[in-house]
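Bear in mind that the values here come from a model prediction, so they are computed numbers and not experimental data. Counting starts at 1 for both ligands and their atoms, following the listed order.
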Amino acid sequence: MKTIAYQKCANAACGSTYEVTQTLTSCVKCGELLDIRYDWSKGEVPRTLKSFEERWQRRRFPLDHSGVWRFRDLLPFAADAMVCTIGEGQTFLQNATCLGRQLGMWPGQLYLQYEGMNPSGSFKDNGMTAAFTHARLVGARRVACASTGNTSASLALYAAQNGFQGIVFIGTGKIAFGKLSQALDYGALTLQIEGDFDACLRRVRDVSQQLGLYLMNSVNPFRLEGQKTIMYRILEGLNWEVPDWIIVPGGNLGNCSAFGKAYEELLELGLVKRAPRLAIINAHGANTLHTAVNRLGMTWNGGHPDNSKIQGLYAGMDEANYHPHTVASAIEISRPVNLIKALRALDVMKGVVAEVTDEEILEAKALIGRYGFGCEPASAATVAGLQQLLKNGTIGRNERVACVLTGHGLKDPDATVHYHTGIKTKDAKQPAAEPTWGSRANKPIQVADDMPSILKALGMAQDTLDKTVPTGYVETPSANLPFVEY
Ligand SMILES: *Cc1c(COP(=O)(O)O)cnc(C)c1O
Ligand SMILES: [Zn+2]
């Protein structure tokens, strides 16, 4: 296929370019990450975002069914026949007015982009479909990643469905059983190695290079191309109106980087008039971006960020033998590989960075759950961050906000059960100060196997059964049932 795509070094001082058919995860000349770029003037670019709606009528065609590939004109690096899709991206922007009201926001202004609805249960599928498409394009057979869980689940799923051998490296840090179970079930060769995620990724980058495995971590620029489409679907959910804020958790910083790239291109193509602002939320126990931006003052600086600052920070971490620690295992990362690209995203989208504690994350997760949206702890960092940014006035109560719920609630049921009951279902290193259960705990009630005890537990009077209830409907007092506060 004649392609308008090429790869380009993200370091403005270098700017080396490579063919789209090359398999690289960093610039050969300077070591910085690569971007996929397009020579839009030589291609066919849609005139309006609304024109993508025509694809809905051709949903029986897999590429038009996919929530990633129906936007393929905005990531045109592969011929249609190369695409590895399993119908990812059937995710929707959910209006969360009740949750928003609880946070003090104006009605109709809070939205949740529910990426847990993807085939493997996290947003990673958006990126994996694109990276597997490139892997097929270059004839790779074996694919590998380091993972805190969701990348390996997604890789294993796509490998199994598309005839690749999947190899996943997991560290000794926490991995939620929901995620591990997926990698095992989909038949990925799973290697557990000594060290945290950061060490694991360093190792797998090296191993992949030496053994010629195709690397699927977010250093792979094709992953980010697929993840851009989360921004397109949020626009679609708002009838192509740009929201005021996008809020996303920050781990390895691939997702926020993809969002920034999406808007950089939409602006360049004239498909939107402005970008929303971006809020990236770190966990306090894994807050490298927060430190780099808010304490060290790092900025994109026109493509020339001051790398000595981050090198100094990492040297200090090494010296202190620092390891990240947070209940939000998907963002338990202290050396985010996409840091430079994240600075660029903050620049394009006039972004801010905040950090939240594990307690704030778990309380926010319970609140999200209480309004009927399941997510894993890392995803709940968005709402915890939103609470903080509303409180300190960064985000206005009348502004329109979309939080990206990155992973499904069933990924990490241990965190949820522990929050509600205080019971740990598997051994996790928890700091001693952590409360036994959360403030919104919905504890199961122990009840004897007899009618009076059950009536008592339901808050019903003992004579309830004697009363004639003609409609067959018993009005229950709500005292002991979960409550909704306004
Ligand atoms: C991977 C992941 C993140 C972090 O995304 P990055 O692109 O690494 O910043 C957040 N939440 C969930 C559920 C994830 O799986
Ligand atoms: Zn370079």
Protein N/O/S atoms closer than 2.8 Å to the Zn ion (ligand 2):
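Near the Zn ion (ligand 2), the protein supplies Cys9 SG, Cys14 SG, Cys27 SG, Cys30 SG.
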Hey, are [Y] and [X] close enough side-chain-wise for a donor-acceptor pair under 3.5 Å?
X	Y	value
Asn338	Ser218	yes
Asn287	Glu355	yes
Ser308	Asp306	yes

Salt bridge between [X] and [Y], side-chain N to carboxylate O under 4.0 Å?
X	Y	value
Glu264	Lys261	no
Glu265	Lys228	yes
Asp318	Arg335	yes

For ligand 1, find each of its N or O atoms that sits under 3.5 Å from a protein N or O atom, and tabulate the pairs with distances to one decimal place.
from, atom 1, to, atom 2, distance (Å)
ligand 1, 7 (O), Gly254, N, 3.1
ligand 1, 7 (O), Asn255, N, 2.8
ligand 1, 8 (O), Asn252, N, 2.8
ligand 1, 9 (O), Gly251, N, 2.8
ligand 1, 9 (O), Asn252, N, 3.3
ligand 1, 9 (O), Leu253, N, 2.8
ligand 1, 11 (N), Thr406, OG1, 2.8
ligand 1, 15 (O), Lys124, NZ, 2.6
ligand 1, 15 (O), Asn150, ND2, 2.7

Please check if the distance between the ring centroids of Tyr232 and Phe52 is under 6.0 Å.
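Not close enough - the centres of the two rings lie 6.0 Å or further apart.
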Which pairs, with at least one residue in residues 3-38 and sequence neighbours excluded, count as a ring-ring contact (aromatic ring centres under 6.0 Å, His included)?
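Sorted result for residues 3-38: Tyr38-Trp40.
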According to side chain to side chain contact (heavy atoms under 4.5 Å, CB included), who are the partners of Glu19, at least two apart in sequence or on a separate chain?
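For Glu19 the side chain to side chain contact (heavy atoms under 4.5 Å, CB included) partners, ignoring immediate neighbours, are Thr21, Gln22.
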